[in-house]
Participant: 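The structure under discussion is supplied below as structure tokens; questions concerning it will follow.
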Amino acid sequence: MTRLILKRLLVSLVVLWLVTLLVFVATLLLPGDPARAILGQQATPERIAALQHQLHLDEPVWQRYLSWLGGLFTGDLGTSTSTQGPVTTLLADRVSASLVLLVLAAVIATPLGLAFGTWTAMRRGRASDQVVSGISLVIAALPEFVIGVALIVLFATTVFRVLPSVTLTPPGEAVWAQPSQLVLPVLTLVLVVTPYITRMMRATMSEVLDSGYVEMARLKGMRERTVLLRHALPHAVGPVAQVVAIQLAWLAGGVVVVEFLFRYPGIGQALIDAVGKRDVAVVQAVTLLIAAVYIVVNLLADVIGILADPKLRTEAVR
């Protein structure tokens, strides 16, 4: 099992290196000149050339990539062209703000989706199953910005007006100092992620409940709760872990739209601002951070799937 986990870890590191190549090449393809974007259209060629030299834009592409890659290992993400300060300093508070948003959404959505999926699987064909499945299907078909706008209309502007529609955090104050402004962004992410987990858990649990070993456990006279917790859930959680990981990894990318919608001061808003200002170092750092979260979450899902599923665990030991 240790060898299998180390193999998955090695594959993840290779994928992460390939992501650094893609991110670097993609930023090179962004239209416009960063130096001209900073100085404006009226800048003289001499000033543009001087700034390009200062930003190392006149160096060969391979040399710039190696310098950037080397900085990643030392924690140096480069210098922001918009603030003239380190990217790490610019993103420090934004990363923590986004992390609060993602953790809250994951902690709420994961058990909620697993619980709804298990509950509907045990009530297949009943009215409650059809209602929950129908609602989850409708919500799953809606983009996150549609859900966010609907929540703003319902709870912030037109109907109830009980929550702030945007994040209004004073400079230097943490976003969690005012919990009310976290409700709508977190609720949007939860509503986007939960239906997928619910539907996958229902399908997997339905298959497990119809299996022979669950039927045998029932014939032995075990209580339904024991059958569910000891025999059904361990076999259902393994396959669902992959779906949960994909959805939680999506949160790292989907948070960009949600943060822009609610003006939330996180990495998503930082990425949008950086693209508008042609701040290449910030774009590279945020994109690579999102990709790293995606890879790490999927790696953890593989490990959890192996540990939770008895079949995969047996194959790994062999």
Side-chain angles (χ1 to χ4, degrees), residues 15-16 19-20 22-27 29-32 37 77-78 80-83 87-88 90-110 139-152 156 164-169 174-176 181-197 244-298:
V15 172
L16 187 59
V19 168
T20 63
L22 292 175
V23 169
F24 187 80
V25 172
T27 53
L29 298 178
L30 288 175
L77 300 179
S80 171
T81 56
S82 59
T83 64
V87 175
T88 52
L90 174 65
L91 295 180
D93 294 336
R94 292 178 176 268
V95 169
S96 61
S98 292
L99 190 61
V100 169
L101 206 63
L102 298 178
V103 170
L104 288 176
V107 168
I108 296 173
T110 302
I139 296 177
L142 297 176
E144 57 269 21
F145 69 88
V146 174
I147 297 176
V149 170
L151 291 177
I152 291 175
S165 59
V166 295
T167 305
L168 300 175
T169 303
V175 289
W176 53 86
Q181 63 187 1
L182 295 174
V183 175
L184 290 183
V186 170
L187 185 58
T188 301
L189 293 175
V190 169
L191 289 177
V192 172
V193 171
T194 301
Y196 293 96
I197 301 177
V244 173
I246 292 175
Q247 295 305 312
L248 297 185
W250 172 90
L251 289 176
V255 75
V256 175
V257 176
V258 175
E259 289 184 357
F260 176 75
L261 180 63
F262 292 98
R263 297 298 185 267
Y264 188 84
I267 58 173
Q269 188 65 43
L271 178 61
I272 294 173
D273 294 340
V275 171
K277 297 176 182 178
R278 285 289 278 116
D279 198 340
V280 175
V282 176
V283 173
Q284 291 174 337
V286 174
T287 307
L288 186 61
L289 179 62
I290 293 174
V293 171
Y294 193 94
I295 293 172
V296 171
V297 171
N298 278 277

Participant: Taking ring-ring contact (aromatic ring centres under 6.0 Å, His included) as the test, write out the residues that go with Phe260, two or more places apart.
Facilitator: none

Participant: Mind checking the CZ-CG spacing from Phe262 to Leu101? Nearest 0.5 Å is all I need.
Facilitator: 9.5 Å

Participant: Just so I know, are the side chains of Val282 and Leu271 near enough to count as touching, which here means a heavy-atom distance under 4.5 Å?
Facilitator: no

Participant: Listing request: all side-chain hydrogen bond (donor to acceptor under 3.5 Å, both in side chains) pairs with a residue in residues 254-263, at least two apart in sequence or in separate chains.
Facilitator: Ser98-Glu259

Participant: Answer whether the closest heavy-atom distance between the side chains of Arg94 and Asp273 falls below 4.5 Å.
Facilitator: yes

Participant: By side-chain hydrogen bond (donor to acceptor under 3.5 Å, both in side chains), which residues pair with Glu144, not counting sequence neighbours?
Facilitator: none

Participant: Would you confirm whether Tyr264, through its side chain, and Ala97, through its main-chain N or O, come within 3.5 Å as a donor-acceptor pair?
Facilitator: yes

Participant: Does Thr20 have any side-chain contact (heavy atoms from CB on, under 4.5 Å) partners at least two apart in sequence or in another chain, and if so, which?
Facilitator: Trp17, Tyr65, Trp68, Leu69, Leu72, Leu288

Participant: Taking only residues two or more places apart in sequence or in another chain, which ones pass side-chain contact (heavy atoms from CB on, under 4.5 Å) with Leu289?
Facilitator: Val95, Ile267

Participant: Apply side-chain contact (heavy atoms from CB on, under 4.5 Å) to residues Val19 and Thr287 and explain how you reach the verdict.
Facilitator: CA-CA 9 Å; Val19 168; Thr287 307; over 6 Å; no

Participant: Can you give me the closest heavy-atom contact between Leu91 and Ala270, atom names plus distance?
Facilitator: CD2-CB, 4.0 Å

Participant: List the residues meeting side-chain contact (heavy atoms from CB on, under 4.5 Å) with Leu22, not counting sequence neighbours, and say none if there are none.
Facilitator: none

Participant: Could you pull out every donor-acceptor pair under 3.5 Å between side chains of residues 188-196 and any protein atom, sequence neighbours left out?
Facilitator:
unit_1 : atom_1 : unit_2 : atom_2 : d
Thr188 : OG1    : Leu184 : O      : 2.8
Thr194 : OG1    : Val190 : O      : 2.7
Tyr196 : OH     : Ala140 : O      : 2.9

Participant: Could you work out, with side-chain contact (heavy atoms from CB on, under 4.5 Å) as the rule, every residue matching Val103, not counting sequence neighbours?
Facilitator: Leu99, Val107

Participant: For the atom pair CD (Gln269) and CG (Leu261), what is the distance rounded to the nearest 0.5 Å?
Facilitator: 10.5 Å

Participant: Partners of Ser165 by side-chain hydrogen bond (donor to acceptor under 3.5 Å, both in side chains), sequence neighbours excluded?
Facilitator: none

Participant: Please step through side-chain contact (heavy atoms from CB on, under 4.5 Å) for the pair Val186 and Val100, ending with a clear verdict.
Facilitator: CA-CA 9 Å; Val186 170; Val100 169; over 6 Å; no

